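What follows is a short report on a single structure.
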Amino acid sequence: MKFKKNILGIGAGYVGGPSMVMIASKCPDYRVTVVDVNPERIAAWNSDRLPVYEPGLETIVKKTRGRNLFFSTGIEKGIQENDIIFVCVNTPTKTFGAGAGMAADLQYWEKTARQILENAKSPKIVIEKSTLPIKTAQAMERILSSGKKNITFDVLSNPEFMAEGTAVSDLENPDRVLIGSRETKSGLAARAALVEIYTRWLPREKIITSNIWSAELSKLVANAFLAQRVSSINAISALCEKADADVSEVAHAVGTDSRIGAKFLKAGIGFGGSCFKKDILNLVYLCRFYGLPEVASYWESVVRINEYQQDRFIANILRSMFNTLAGKKICVLGFAFKADTGDTRESPAIAITRKLLAERAEVIITDPRALANAAIDLAHEKGNIRYVEDPYEAARGCHALAVMTDWEEYRKLDYRKIYKSMVKPAFLFDGRNIVDHRKCFEIGFNVFPIGKPALTRF
Ligand code: NAD
Ligand code: UGA
């Protein structure tokens, strides 16, 4: 069959996978190929056990795979055969050299740029889907124009705003799609080609077009604003605990102001995930680079408050449990950085488990989707850790429960049954405020929510 467009996604991760799957699903007359350097990842995409857990994703993959969606390790061939290339490779925080711990590590992105240059035999539209520092498109253009083949490349910025756990619905019905381009004749033509793809399932009004630098920066700013809201409410949760206010009531009262809005005001143990911290640190680095230290420290405080919230949580556990955790069993309920994903990157549960182990507690971890990743994250930790799938089994014989992930099923656990199987006095530290605190207190637990008065018998 001859396809109307040939599209390539480079990087078959949490973003490249689902976003290319959605294009294939909405555009059956386009051929979509997703390539990756990691053969295991590609094999998993071609198997019944996808490498990424996202509600609803498997059904769409089954419908499209082998029809107009293909997963492959053939990066060079992919570049030769496709006209539109989405670059979805990872851009983690740099761990070495200048800017270590702050700046984005662009080595995977640059390798991709060079591979495109080496293998292209016809004009390409190259789309930045990864989150990148402002002005990266210029570096991409410089690399792509350094060849001798006289091929034209148009670079666009089309950052992705989907969140994990809701990737399918976010991609199917996003608040907006952002496309930044050069305002030249060929830049505008490339932009129009990308708009055409998205209008196959989205109304034109949802597609925002802008200059290329605004698009790159908007992605970092959107994540910084979201994370800032979480840090703002978490900072207030500390005050609520001191002053007997209830952070959920405060968030509700504040969030009903339509100018503020209700979303992203849930206090907890702090934000995790592969992007918030990385993108804010990248923004901070850029501000310092451009000589704006005050702006940099304003945004850096969002990350500091996030760390403070985790430190507060562990200090509260220690203080409440008579200042010693040595030899005590703590059940960590949930390890994923949020519900509905198996992803544990930057999960607050990692730092908190490490701190529990440092206090020589025995840690029993349970999670419906993330145990395999938890075991990888903690592989080098010294201490007593067990991974138990069944939450009731995990809690048996423990001194305390620590809720780390807002899994819906943790709301509905039989806490009476759990309480009976635990060592007394039994403690419940609800890092997500998802459990019925009053009910658990009546069952017998000493309950420590976030940003609300503790319910204890001492
Ligand atoms: P990921 O690590 O899950 O996936 C990246 C993939 O790229 C990996 O499978 C890796 O093997 C592959 N890769 C690296 N170098 C390659 C190369 N040279 N050629 C081919 N493949 C290569 O990362 P992710 O979570 O999908 O994030 C990717 C980008 O998208 C990041 O910039 C991130 O900030 C951004 N983003 C992520 C999310 C999210 O929810 N995870 C949302 C929006 C934006
Ligand atoms: C976030 C953004 O929401 C996406 O728009 C963006 O595309 C993505 O980052 C990215 O660039 O990677 P994600 O990290 O998948 O998505 O998940 P979120 O729902 O934003 O949650 C992030 C963290 O904040 C989680 O640990 C979550 O539990 C926490 N959070 C969120 C709170 O503690 N309180 C809230 O009210 C909301």
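Note that the numbering runs from 1 along the sequence shown for the chain. Counting convention: from 1, in listed order, for ligands and their atoms alike. Quantities reported herein were computed from a predicted structural model and do not represent experimental measurements.
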Whether Phe429 and Phe448 hold their rings parallel, tilted or perpendicular, with breakpoints at 30° and 60°: parallel
Identity of the nearest option to atom 29 (C) of ligand 2, non-hydrogen atoms only, from Tyr14, Phe161, Phe271: Phe271
Exam field: side chain Asn82 to backbone Ile84, donor-acceptor pair closer than 3.5 Å: no
Where Arg438 and Leu455 come nearest, the two heavy atoms and their spacing: NH2-CD2, 3.4 Å
Proximal candidate to atom 30 (O) of ligand 1 [heavy atom criterion; set Val15, Ile10, Val52, Asp343]: Val15
Those atoms of ligand 2 less than 4.0 Å from some heavy atom in Cys275: 10 (C), 11 (O), 12 (O)
Parallel, tilted or perpendicular: ring planes of Trp45 versus Phe71, cut at 30 and 60 degrees: parallel
Spacing of Ile365 atom CD1 and Tyr387 atom OH [to the nearest 0.5 Å]: 5.0 Å
Ser231-Asn306 side chain donor-acceptor pair, cut-off 3.5 Å: no
Where ligand 2 meets Leu226 - atom numbers and elements under 4.0 angstrom, heavy-atom basis: 2 (C), 3 (O)
Charged tip of Arg31 within 45° of Phe70 ring normal and under 6.0 Å: yes
Result of checking Lys266, Arg312, Lys452 against Ser237 for side chain to side chain donor-acceptor pair (under 3.5 Å): Arg312
Pick from Glu54, Arg41, Gln115, Met162: the one approaching atom 8 (C) of ligand 1 most closely through a non-hydrogen atom: Arg41
Gly272 touching ligand 2 at heavy-atom level, < 4.0 angstrom: yes
Residue-ligand contact Arg432/ligand 2, heavy atom below 4.0 Å: yes
Numbered atoms and elements of ligand 2 in range of Leu265, under 4.0 angstrom, heavy atoms: 36 (O)
Within 45° cone of Tyr30 ring axis and under 6.0 Å: Arg200 NZ or CZ: yes
Nearest non-hydrogen protein atom, atom 11 (O) of ligand 1: Asp36 OD1, 2.6 Å
Any Ala163 heavy atom less than 4.0 Å from ligand 2: yes
Nearest-neighbour protein heavy atom for atom 29 (C) of ligand 1, which is reported as residue plus atom name and distance: Val89 O, 3.4 Å
Closest to atom 15 (N) of ligand 1 (judged by heavy-atom distance), picking from Phe161, Tyr108, Tyr14: Tyr108
Any side-chain donor near an acceptor of the partner, Glu164 and Tyr53, under 3.5 Å: no
Whether Lys219 lies under 4.0 Å from ligand 2, heavy atom: yes
Test item: side-chain donor near acceptor, Asn173 and Trp201, under 3.5 Å: no
Structural part of Arg345 in contact with ligand 1, heavy atom criterion under 4.0 angstrom: side chain
Heavy-atom pair of closest approach, residues Gly342 and Asn373: O-ND2, 2.8 Å
Nearest option to atom 35 (C) of ligand 1, as decided by whichever heavy atom of Thr112, Thr131, Asn90 sits closest: Thr131
Among Glu164, Lys338, Arg345, closest by any non-hydrogen atom to atom 18 (P) of ligand 2: Lys338
Residue portion contacting ligand 1 (non-hydrogen atoms closer than 4.0 Å) for Cys88: backbone
Within-shell test, Asn223 vs ligand 2, heavy atom, strictly < 4.0 Å: yes
Atom 43 (C) of ligand 1: nearest protein contact (heavy atom, Å): Glu160 O, 3.2 Å
Proximity of Ser130 to ligand 1 by residue part, where a heavy atom lies under 4.0 Å: both
